[in-house]
Every structure is written in C-alpha cells, then in structure tokens.
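The chains referred to below are lettered A, B, ... by the order of the sequence lines, with proteins before strands, and numbering in each begins at 1. All values below come from the heavy atoms of this structure, side chains included, with hydrogens, waters and symmetry mates left out.
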Amino acid sequence: MPELPEVETIRRQLCEAGVEGRIIEKAHIEWPRTVEPLTPVAFRKAVQGRTLEKIDRHGKWLIFQLSGNEKLLVHLRMTGGFSFSPGSHDRAILHLSGGLILYFKDPRKFGRWRLAASLDGLGPDALTVTKKDFFQALEGKDKVLKALLLDQSFVAGVGNIYADEALFEARLDPRRCSGTLSEDEISKLWKAVRKVIEAGVRNGGTSLGDGQGNYVDLNGEAGGHREKVKVYGRAGQPCVVCGQPLHKTQIAQRTTVFCTHCQK
DNA sequence: GAAGACCTGCTA
DNA sequence: TAGCAGGTCTTC
C-alpha cells in the first residue's frame with residue numbers, strides 16, 4: 001500500500017492528532033507476528049510506560065522515538081495503516097495517555113513493528129535526497145533502472161507506483177542499466193524522483209482502485225494523488241504525452257508500465 | 001535473477 | 001476460481 005508519500009501523510013496526521021508526548025499506557029498485540037522477533041508479552045513489557053516523544057520517518061519506515069533512547073520502527077508493508085477507531089483488521093493497539101487509542105490495521109498482516117536503537121541499511125530519503133547524494137548513491141551500481149529505484153539501500157522510499165512515475169517523468173526506459181546513464185540523464189532521474197515524491201506528499205498520497213489494500217489516511221480519506229498518476233495502472237491507455245498505448249511488462253518481478261515511444 | 005513465502009480480499 | 005495487489009525476505 002504505502003510508499004514514502006503515504007507514510008509521510010500518516011506521520012503528519014499522527015503529529016497533528018497530538019500523538020507526540022503521550023505515554024503508552026497499554027499495548028495489545030492481536031497478531032503476534034507483527035512484533036516478531038519479540039513475543040507479544042515481551043513487546044508489551046518493553047513499551048508500556050514509555051513516552052512517544054517524537055515521530056520521524058525514513059523512507060517507508062515510521063520511527064517512533066521512545067523515552068529511554070529506543071525506537072519503535074513501523075513498516076506498513078502492503079496494507080498497514082493507522083486509525084483512531086477500531087475496525088476488523090486491527091493487529092496492534094496502543095492505549096495512550098489522555099484516552100487516545102491508536103489502532104494499527106493491516107488486512108494482509110505483512111506489517112512489522114520493531115524495537116531497535118537505529119535503522120540501518122537504507123539509502124538517503126527520497127523526499128530530501130540531494131543531487132550530490134543521489135550521484136554518490138549511484139556510484140558503483142549497475143542495475144536495471146526499475147530495480148535500482150526499488151532498492152531501498154540506494155534511495156529509501158520509492159515503491160512500485162513512484163518508480164514507474166519517476167522513470168516516465170525522466171523519460172527513461174525502465175529496462176535501461178544505470179551504468180549506461182549520462183550525467184545529464186542521472187540528473188534528470190534525480191529531479192524526477194524528487195518531483196514525483198514531493199507531488200505525492202503534497203497531494204496526500206496515492207490510492208488506486210477500490211481494493212482492500214487501498215490506501216486511506218487516518219481520516220479514512222483516499223489520497224488525492226490518484227488523478228495525477230501518468231503511467232502506473234494505466235497499461236493500454238494512451239500516453240499523456242504522445243498518445244501511444246502504454247506498455248505493461250514485468251521487471252524485477254514487479255508489474256511495470258511505461259511508454260516505449262517516450263522513454264528511451 | 002527468479003521463484004517462493006508471508007497473507008487477505010477484491011476483480012475478472 | 002484464478003489472478004492480482006502499494007513490500008520485503010529467504011532460498012535456490
């Protein structure tokens with residue numbers, strides 16, 4: 001479900017709702033694997049009584065800074081999300097001071113909560129990555145562009161929707177290898193990643209179709225980015241630039257849509 | 001690389 | 001009923 005813009009939208013809404021500064025009075029884990037490798041009992045003991053001091057994000061990870069210099073790291077994977085009201089897919093529940101209850105809903109049960117001192121193995125955040133850091137992250141990498149953008153150790157936060165959108169924006173063929181890019185093309189790709197991710201955040205994230213994994217924010221609102229998507233989910237429909245039907249294929253085991261005429 | 005695993009529920 | 005989904009990890 002969520003890529004960086006959806007996670008960032010959720011983060012901002014949690015902050016606006018005043019989650020920061022509250023104490024975790026009780027934690028209930030409904031689906032034990034959510035907190036693996038800890039058991040629900042161990043997890044509960046570890047977080048109860050701690051304060052949720054600050055909510056940060058890096059790539060697709062939400063980072064709840066806890067008192068005691070520990071972090072609760074949350075990855076929503078495909079269908080995770082938060083709500084302040086109960087539902088039928090609640091996998092973990094935090095009772096916060098002041099009577100606020102935070103429900104973690106995750107129909108497909110892929111989402112993960114981890115306790116750790118740090119988050120590692122991730123490249124620079126896609127929302128803020130500088131041109132210099134983008135070039136540096138690319139050094140020594142020779143990968144098919146679609147796979148490169150999905151690689152969280154390269155740049156963190158890009159998923160299947162925004163990878164296809166960024167490659168269209170940069171007019172680059174997703175099958176190209178990064179080693180063949182000119183400096184100008186790398187620069188275009190950097191600009192494109194920043195542009196599509198920023199647009200996604202501005203619009204409150206993307207939601208597509210009406211499926212159960214469909215992204216909705218904490219207020220149950222669908223992301224406004226849906227209409228802005230130019231290639232993802234538009235296979236067979238006309239390219240917004242040249243009018244040719246968009247091509248669908250599989251790259252790196254992921255459905256990929258692009259324009260064979262515009263993207264070189 | 002590619003395929004399977006982890007999961008549920010919607011669409012064709 | 002088969003196929004598909006915004007993600008990542010493990011195992012050929």
Side-chain angles (χ1 to χ4, degrees), chain A residues 1-11 30-37 57-62 73-82 87-92 104-114 116 119-123 126-127 141-167 174-179 193 196-197 199-201 203-217 221-236 248-257:
Chain A
M1 179 229 283
E3 300 180 34
L4 188 158
E6 294 74 41
V7 179
E8 177 62 16
T9 300
I10 288 167
R11 188 193 71 79
E30 304 286 337
W31 180 252
R33 298 198 68 177
T34 301
V35 297
E36 272 186 353
R57 180 196 55 73
H58 190 92
K60 300 170 193 173
W61 286 89
L62 278 169
L73 306 172
V74 175
H75 199 300
L76 308 173
R77 294 284 183 96
M78 295 286 267
T79 59
F82 285 97
S88 48
H89 302 294
D90 298 332
R91 310 305 183 194
F104 178 65
K105 35 202 60 202
D106 186 19
R108 287 176 71 180
K109 302 175 175 172
F110 289 163
R112 290 294 179 264
W113 288 23
R114 293 276 143 74
L119 185 58
D120 36 48
L122 295 180
L127 181 60
K141 296 237 180 196
D142 189 16
K143 265 184 125 164
V144 168
L145 291 181
K146 175 64 182 269
L148 179 77
L149 289 179
L150 294 177
D151 179 355
Q152 303 297 297
S153 72
F154 167 58
V155 160
V158 178
N160 210 29
I161 298 176
Y162 295 94
D164 280 11
E165 294 303 311
L167 288 164
R175 301 166 296 187
R176 278 273 295 279
C177 276
S178 54
V193 167
V196 300
I197 293 287
V201 170
N203 294 309
T206 303
S207 65
L208 297 159
D210 299 305
Q212 44 85 32
N214 210 21
Y215 167 77
V216 290
D217 65 18
E221 304 279 332
H225 198 60
R226 180 179 185 165
E227 307 77 24
K228 319 273 182 181
V229 169
K230 293 182 177 142
V231 288
Y232 182 90
R234 295 194 62 243
K248 176 160 105 169
T249 187
Q250 290 279 126
I251 304 175
Q253 284 83 250
R254 306 300 297 279
T255 295
T256 301
V257 180

Ranking C:dA5, C:dG6, B:dC7 by distance to the side chain of A:T255, first place goes to C:dA5

Quick one, A:R254 and A:L150 - any side-chain contact, counting heavy atoms below 4.5 Å? yes

Which of these, A:T256, A:N160, A:V257, sits in a side-chain contact (heavy atoms from CB on, under 4.5 Å) with A:Y232? A:N160

Distances for protein N/O vs nucleotides 1-4 of chain B N/O pairs under 3.5 angstrom?
residue, atom, partner, partner atom, Å
B:dA2, OP2, A:Q253, OE1, 3.4

Taking A:V229's backbone N and O only, do any of them form a donor-acceptor pair with A:E165's side chain (distance below 3.5 Å, no angle check)? no

Just wondering, do A:L76 and A:K60 contact through their side chains at under 4.5 Å, heavy atoms? no

Pairwise P distance, B:dC7 and C:dT1 [rounded to whole Å]: 23 Å

Of the nucleotides C:dT8, B:dG9, B:dC6, which one has an atom closest to the side chain of A:H89? B:dG9

Does A:R33 reach a base, just sugar-phosphate, or nothing at all? Heavy atoms under 4.0 Å. sugar-phosphate

Taking atom P in both B:dG4 and C:dC4, compute the distance separating them and give it to the nearest angstrom. 13 Å

For B:dC10 and C:dT8, measure between their C1' atoms and round to the nearest Å. 22 Å

Have a look at A:W31 and say if it touches a base, only the backbone sugar-phosphate, or nothing, with a 4.0 Å heavy-atom cut-off. sugar-phosphate

Are A:S153 and A:K141 packed together at the side-chain level, in the sense that at least one heavy-atom pair is separated by less than 4.5 angstrom? yes

How far apart are the C-alpha atoms of A:R91 and A:D106, what are their side-chain angles, what is the distance that settles it, and do they pass the salt bridge (charged side-chain N to carboxylate O under 4.0 Å, His left out) test? CA-CA 6 Å; A:R91 310 305 183 194; A:D106 186 19; 5.6 Å; no

With respect to the side chain of A:R91, which nucleotide from B:dT8, B:dC7, C:dG7 is positioned closest? B:dT8

Within the structure, does a side-chain N or O atom of A:Q152 lie under 4.0 Å from either OP1 or OP2 of C:dG7? no

Starting at CG of A:N160 and ending at C1' of C:dG7, how long is that distance when rounded to a whole Å? 10 Å

How far apart are the C-alpha atoms of A:D164 and A:K230, what are their side-chain angles, what is the distance that settles it, and do they pass the salt bridge (charged side-chain N to carboxylate O under 4.0 Å, His left out) test? CA-CA 9 Å; A:D164 280 11; A:K230 293 182 177 142; over 6 Å; no

Just N and O in the side chain of A:R254: are any of them under 4.0 Å from OP1 or OP2 of C:dG6? yes

Distance, rounded to the nearest Å, where A:K248 contributes NZ and C:dC4 contributes P: 7 Å

Minimum heavy-atom separation for A:V158 to A:A163, with atom names? CG1-N, 3.5 Å

Atom CG of A:D106 and atom P of B:dG9 are separated, to the nearest Å, by 11 Å

Whole-Å distance, A:K105 NZ to C:dG6 P, equals 22 Å

Using the side-chain contact (heavy atoms from CB on, under 4.5 Å) rule, take A:T249 and A:T255 through it: C-alpha gap first, then chi angles, then the decisive distance, then the call. CA-CA 6 Å; A:T249 187; A:T255 295; over 6 Å; no

Could you write out DNA chain C as a dot-bracket string, with dots for unpaired bases, | for bases paired across to another strand, and Watson-Crick or G-U pairs counted at under 3.5 Å? |||||.||||||

Should A:H75 be listed as having a side-chain N or O under 4.0 Å from OP1 or OP2 of C:dG7? no

Just to confirm, is there a sub-4.0 Å distance from OP1 or OP2 of C:dG6 to any side-chain nitrogen or oxygen of A:Y232? yes

Give the rounded distance in Å between these two atoms: CZ of A:F110 and C1' of C:dG6. 12 Å

Find out whether A:W113 and A:L73 are in side-chain contact, i.e. whether some heavy atom of one side chain is under 4.5 Å from a heavy atom of the other. no

Within the structure provided, determine whether A:P37 and A:R114 are in side-chain contact (heavy-atom separation under 4.5 Å). yes

Provide, to the nearest angstrom, the distance between the NZ atom belonging to A:K60 and the P atom belonging to C:dC9. 10 Å

Would you say A:K109 places a side-chain N or O within less than 4.0 Å of OP1 or OP2 belonging to B:dC6? no

Nearest-angstrom distance, P atom, C:dG3 to B:dA5: 16 Å

For atom CG of A:L76 and atom C1' of C:dT8, their distance in whole Å: 13 Å

Atom-to-atom span, CZ of A:R77 to C1' of C:dG7 - whole angstrom: 6 Å

